[in-house]
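Contents: one structure, followed by commentary.
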Amino acid sequence: MSVSRAALPYRRLLALCAALLLTTACAKAPDGIDSFDFGGIDPQRHFMAVQTAQDMRAKGQRVWCVPFARNVSGIQIRGNAETWWGKAKGLYPRGKEPVVGAVMAFRATGSIPMGHIAVVSEIVSPREIKVDHANWKRDQVSLRMAVIDVSKANDWSAVRLESRPGAFGSTYPINGFIYPTGG
């Protein structure tokens, strides 16, 4: 491998770090959340989570949303995605506003019976965010996937994801966001 090819992952990591720093500078904690870590997503933690998922996939192992989100966010909850909202109560702050670094908790439905979780990676507007998550597409990590709030009350209780460029899919119910605590 050439030196320039070896340096490419580090350049990407540096670019990701710069983008995350710019993104998190605009993040705000939801009302009533005083201990929220405004740093957003730790770039080293994010890099490790993506690398772990890639290594697992290369070995023919399944890549799941829960370990990926736990690795990126630092939120230490175990169990299927549909249990995270309930398990977070009393352990982590929860709310209805997206914040960079928060875990978006999808409710279980017929199409996602074990629920799903994703980590907010960018606030685009009051009604659009981007998320990083695993296994939305089987055994793959999806970075910076657009998500729009389509709830009637504009409260992030129902969303659509941009699974293909320019194409937002089905509507999915959301419990809310789980915020990592500082420290």
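These values consider heavy atoms only, across backbone and side chains, with no hydrogens, waters or symmetry-generated copies.
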If you look only at pairs with a residue in residues 66-102, which of them pass as a ring pair (Phe, Tyr, Trp, His ring centres under 6.0 Å), with sequence neighbours excluded?
none

Without swapping roles, check the side chain of S151 against the backbone of N154 for a donor-acceptor pair under 3.5 Å.
yes

Return yes if some donor-acceptor pair links the side-chain N/O of R160 with the main-chain N/O of T171 below 3.5 Å, else return no.
no

Report the distance from atom NZ of K130 to atom CG of L161, rounding to the nearest 0.5 Å.
12.5 Å

Give the intermediate values and the outcome of side-chain contact (heavy atoms from CB on, under 4.5 Å) for residues V66 and I117.
CA-CA 7 Å; V66 167; I117 54 176; 4.0 Å; yes

Contacts of D139 that satisfy salt bridge (Lys or Arg N to Asp or Glu O under 4.0 Å) - sequence neighbours left out:
R62

Does any N or O in the side chain of K96 come within less than 3.5 Å of the main-chain N or O of N175, such that one atom is a donor and the other an acceptor?
yes

Could you work out, with side chain to side chain contact (heavy atoms under 4.5 Å, CB included) as the rule, every residue matching P173, not counting sequence neighbours?
R107, T109

For the pair M104 and V147, evaluate side-chain contact (heavy atoms from CB on, under 4.5 Å) and give the outcome as yes or no after the intermediate values.
CA-CA 11 Å; M104 182 169 59; V147 180; 4.1 Å; yes

Are I41 and V100 packed together at the side-chain level, in the sense that at least one heavy-atom pair is separated by less than 4.5 angstrom?
yes

Looking only at atom types and distance, does a side-chain atom of D42 sit under 3.5 Å from a main-chain N or O of Q44, one as donor and one as acceptor?
yes

Below 4.5 Å, heavy atoms only, C-beta onward: do H46 and L143 meet side chain to side chain?
yes

Sorted by chain and residue number, the salt bridge (Lys or Arg N to Asp or Glu O under 4.0 Å) partners of R127 (sequence neighbours excluded) come out as D149

Taking transitive links into account, so neighbours of neighbours count too, which hydrophobic residues share a cluster with M48 at under 4.5 Å side-chain distance?
none

Report yes if the side chains of I174 and W156 come closer than 4.5 Å at any heavy-atom pair, otherwise no.
no

Can you sort out the partners of S170 under side chain to side chain donor-acceptor pair (under 3.5 Å), two or more places apart, ordered by chain and number?
none

Considering residues at least two apart in sequence or located in another chain, which fulfil the salt bridge (Lys or Arg N to Asp or Glu O under 4.0 Å) criterion with R45?
none

Ring pair (Phe, Tyr, Trp, His ring centres under 6.0 Å): pairs with one or both residues in residues 101-138, sequence neighbours excluded
F106-H116, F106-W136, H116-H133, H116-W136, H133-W136, W136-Y172

Strictly distance-based, threshold 3.5 Å: is any side-chain N or O of D132 a donor or acceptor partner for the main-chain N or O of R144?
yes

Could you pull out all residues at least two apart from Q51 that satisfy side chain to side chain donor-acceptor pair (under 3.5 Å)?
D55

Pairs of donor and acceptor atoms involving the side chains of residues 71-78, under 3.5 Å and at least two apart or interchain, shall be tabulated with distances.
unit_1	atom_1	unit_2	atom_2	d
N71	ND2	P67	O	3.3
S73	OG	A69	O	2.7
S73	OG	I75	N	3.0
Q76	NE2	G74	O	3.4

So, using side chain to side chain donor-acceptor pair (under 3.5 Å) as the criterion, who are the partners of T52 when residues are at least two apart?
none

Measure across C65 and A81 and return the closest heavy-atom pair with its distance rounded to 0.1 Å.
SG-CB, 4.0 Å

Any side-chain heavy-atom pair of I129 and I123 under 4.5 Å
yes

Going hydrophobic residue to hydrophobic residue with side-chain gaps under 4.5 angstrom, can you get from M145 over to W64?
no

Got a sec, which residues hit side chain to side chain donor-acceptor pair (under 3.5 Å) with S125, two or more places apart in sequence or on another chain?
none

I'd like to know if the side chain of K137 reaches the main chain of S163, judged simply by a donor and an acceptor atom lying under 3.5 Å from each other, with no hydrogens or angles considered.
yes

